[in-house]
Amino acid sequence: MIAIGCDHAGVEMKKAIIEELSAKGFEFRDMGTDGEPCDYPVIAEKVCKEVLDGNCEKGILICGTGIGMSIAANKFKGIRAALCSDSFSTRFTRLHNNANVMCMGARTLGQGLACELAEIFLTTGFEGGRHQRRIDLITEIENKN
């Protein structure tokens, strides 16, 4: 199960991702919005809580640029959110950073690319090894603050 949410700027992109990836077998929990104006931190909190509570394996957040969602999501202990705008970075944020939330910009990406990036994010595993040590260091920093 994947938690997905957007602010009013990302509604059409969210719908496209759900439609395309549901056809490939992914299941989504839609955390809003359906078009009404909203504040992106509220949606980021809903998606991150689903991931942190174990109800969803990963999360996808969409706003105008993806930046606001990324900043908001990374305020939650245990969330590693990455702004994704190309296939290389999207693949490596999973391989090396074990990101559990991806953020995208509806005003900076086309819907076709967004669907492609979401699929890369959802199907790429974490390499572990030396990268786990680095994730552990991030967790240590997180736990100090």
Side-chain angles (χ1 to χ4, degrees), residues 1-11 13-18 21-22 24-111 113-145:
M1 183 66 67
I2 309 302
I4 189 168
C6 64
D7 69 1
H8 45 279
V11 174
M13 182 175 282
K14 180 184 71 171
K15 288 179 185 176
I17 290 169
I18 291 172
L21 295 186
S22 290
K24 295 182 178 186
F26 292 95
E27 295 181 54
F28 292 91
R29 182 168 291 160
D30 188 342
M31 306 308 296
T33 186
D34 291 325
E36 65 280 0
C38 68
D39 296 318
Y40 63 83
V42 174
I43 302 299
E45 181 176 20
K46 289 179 182 181
V47 167
C48 291
K49 283 187 174 183
E50 289 295 307
V51 173
L52 292 171
D53 290 346
N55 299 322
C56 293
E57 181 183 346
K58 293 182 184 81
I60 298 174
L61 289 166
I62 306 160
C63 65
T65 62
I67 296 168
M69 286 292 199
S70 178
I71 292 168
N74 279 308
K75 298 299 180 188
F76 293 89
K77 184 177 179 179
I79 292 295
R80 288 175 307 283
L83 179 60
C84 298
S85 58
D86 65 85
S87 59
F88 182 86
S89 298
T90 301
R91 183 170 288 106
F92 277 85
T93 199
R94 288 287 308 128
L95 287 170
H96 290 188
N97 307 121
N98 200 18
N100 51 10
V101 173
M102 79 176 309
C103 303
M104 292 186 283
R107 294 180 179 137
T108 62
L109 297 175
Q111 290 182 8
L113 179 57
C115 291
E116 179 184 326
L117 297 179
E119 186 172 2
I120 290 168
F121 184 82
L122 297 175
T123 59
T124 302
F126 176 51
E127 283 185 347
R130 72 184 190 277
H131 306 295
Q132 182 60 55
R133 183 179 75 250
R134 295 166 184 150
I135 299 303
D136 293 342
L137 290 169
I138 291 169
T139 302
E140 283 180 34
I141 293 167
E142 192 174 54
N143 288 333
K144 287 179 192 175
N145 297 311

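This structure is a prediction, so every number in the text was calculated from the model and none was measured.
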- Message: If you count every heavy atom of other residues, nucleotides or ligands that lies below 6.0 Å from Asp39 atom CG, does the total exceed 12?
- Response: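 No.
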Would the number of heavy atoms belonging to other residues, nucleotides or ligands and lying under 6.0 Å from CD of Glu27 be above 12?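 Counting neighbours around CD of Glu27, 12 or fewer heavy atoms of other residues, nucleotides or ligands fall under 6.0 Å, so no.
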Determine yes or no for a side-chain-to-main-chain donor-acceptor pair under 3.5 angstrom, with [X] supplying the side chain and [Y] the backbone.
X	Y	value
Asn100	Gly78	yes
Glu119	Leu21	no
Thr124	Ile120	yes

Measuring from atom [atom1] of [X] to atom [atom2] of [Y], what distance do you get when rounded to the nearest 0.5 angstrom?
X	Y	atom1	atom2	answer
Ile62	Thr108	CD1	OG1	10.5 Å
Asp7	Tyr40	CG	OH	9.0 Å
Ser87	Phe121	OG	CZ	14.5 Å
His8	Glu36	NE2	CD	10.0 Å
Glu50	Ile4	CD	CD1	13.0 Å
Cys48	Asn74	SG	CG	8.0 Å

Heavy atoms only: give me the nearest [X]-[Y] pair and the separation to one decimal.
X	Y	result
Gly66	Cys103	O-CB, 3.6 Å
Met13	Leu109	CE-O, 3.3 Å
Gly5	Val47	N-CG2, 3.7 Å
Thr90	Leu117	CG2-O, 3.4 Å
Ala16	Cys115	O-SG, 3.6 Å
Ala44	Ala73	CB-N, 4.2 Å

Exercise. Determine, stepwise, if the pair Ile60 / Leu122 fulfils side-chain contact (heavy atoms from CB on, under 4.5 Å).
Key: CA-CA 10 Å; Ile60 298 174; Leu122 297 175; 4.3 Å; yes
Which word best sums up how the rings of Phe28 and Phe26 line up, parallel for under 30°, tilted for 30 to 60°, or perpendicular for over 60°? tilted
(message) Taking the basic N atoms (NZ, or NE/NH1/NH2) and the acidic carboxylate oxygens, is any pair closer than 4.0 Å for Asp34 and Lys14?
(response)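 Counted as a salt bridge, because a side-chain N and a carboxylate O are separated by less than 4.0 Å.
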So do [Y] and [X] actually touch side chain to side chain, heavy atoms under 4.5 Å?
X	Y	value
Phe76	Val51	no
Ile43	Cys6	no
Cys56	Ile2	no
Arg80	Asn97	no
Met102	Thr93	no

Could you give me the CA-CA distance, side-chain angles and deciding distance for Asn55 and Lys49, then say whether side-chain hydrogen bond (donor to acceptor under 3.5 Å, both in side chains) is met?
CA-CA 9 Å; Asn55 299 322; Lys49 283 187 174 183; over 6 Å; no
